[in-house]
Chemist: 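After the C-alpha cells below, expect a handful of questions from me.
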Amino acid sequence: KSFKGPVVDAPRIVAAHLSPDSDTLFIDAAVTFSLGGRVRQSVTHEVWTLSSSGSILSINQTFNSFDGKRTITEVYSKE
C-alpha cells in the first residue's frame, strides 16, 4: 500500500510491500519540495531483510537527491 504524508509542507509518497517469503520488506519513498525557486525530488529505496533465524536484521538504503546518491547498510543482531 502507499500513502501520502507531508514533510515540512512537501508532499511525500511512500509505498511498501513484502517479499513472497515475508522475510524482506521493500519501502520506496519520494518527497517533492521547492528549494531556491526550483522543484526538487528526493527518492529513497529501502530493503529490510530478516535472517532465517530471526536474529539479524539488515537494512539497505539508497537515497537520491539533488546532492547526489548515497547508500547506507545497517546490520542489527539480536542478543
Chemist: Does S55 have any side chain to side chain donor-acceptor pair (under 3.5 Å) partners at least two apart in sequence or in another chain, and if so, which?
Modeler: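 Result, side chain to side chain donor-acceptor pair (under 3.5 Å) vs S55: S53.
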Chemist: Quick one: list whatever passes side chain to side chain contact (heavy atoms under 4.5 Å, CB included) with D28, sequence neighbours left out.
Modeler: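 Residues passing side chain to side chain contact (heavy atoms under 4.5 Å, CB included) with D28: H45.
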Chemist: Taking only residues two or more places apart in sequence or in another chain, which ones pass side chain to side chain donor-acceptor pair (under 3.5 Å) with N60?
Modeler: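 With sequence neighbours excluded, N60 shows a side chain to side chain donor-acceptor pair (under 3.5 Å) to T73, given in chain and number order.
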Chemist: With the 4.5 Å side-chain cut-off for hydrophobic clustering, are L57 and L25 part of the same group?
Modeler: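 L57 and L25: one cluster.
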Chemist: Indicate the atoms forming the closest heavy-atom contact of A30 with Q41, along with that distance.
Modeler: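 Where A30 meets Q41 most closely, the heavy atoms are CB-NE2, 3.6 Å.
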Chemist: Taking only residues two or more places apart in sequence or in another chain, which ones pass ring-ring contact (aromatic ring centres under 6.0 Å, His included) with Y76?
Modeler: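 With neighbours one apart ignored, the set is empty.
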Chemist: To the nearest 0.5 Å, what is the distance between OG1 (T62) and NZ (K69)?
Modeler: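 Reported to 0.5 Å precision, the distance equals 5.5 Å.
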Chemist: Among residues at least two apart in sequence or on other chains, which ones pass side chain to side chain contact (heavy atoms under 4.5 Å, CB included) with S22?
Modeler: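 Testing S22 for side chain to side chain contact (heavy atoms under 4.5 Å, CB included), a comparison that skips the adjacent residues, returns L18.
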Chemist: Same cluster or not: I59 versus I27, using hydrophobic residues (I, L, V, M, F, W, Y) connected whenever any side-chain heavy atoms lie under 4.5 Å apart?
Modeler: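 Yes.
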Chemist: Could you see if W48 belongs to whatever hydrophobic cluster contains V14? Use Ile, Leu, Val, Met, Phe, Trp, Tyr and a side-chain cutoff under 4.5 Å.
Modeler: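 Per the 4.5 Å side-chain linkage, W48 and V14 are co-clustered.
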Chemist: Excluding sequence neighbours, so at least two apart, what forms side chain to side chain contact (heavy atoms under 4.5 Å, CB included) with S19?
Modeler: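 S19: side chain to side chain contact (heavy atoms under 4.5 Å, CB included) contacts with D21, D23, T24, F26.
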Chemist: Under the rule for side chain to side chain contact (heavy atoms under 4.5 Å, CB included), what residues qualify as partners of Q61, not counting sequence neighbours?
Modeler: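 So Q61 forms a side chain to side chain contact (heavy atoms under 4.5 Å, CB included) with T44, E46, R70, I72.
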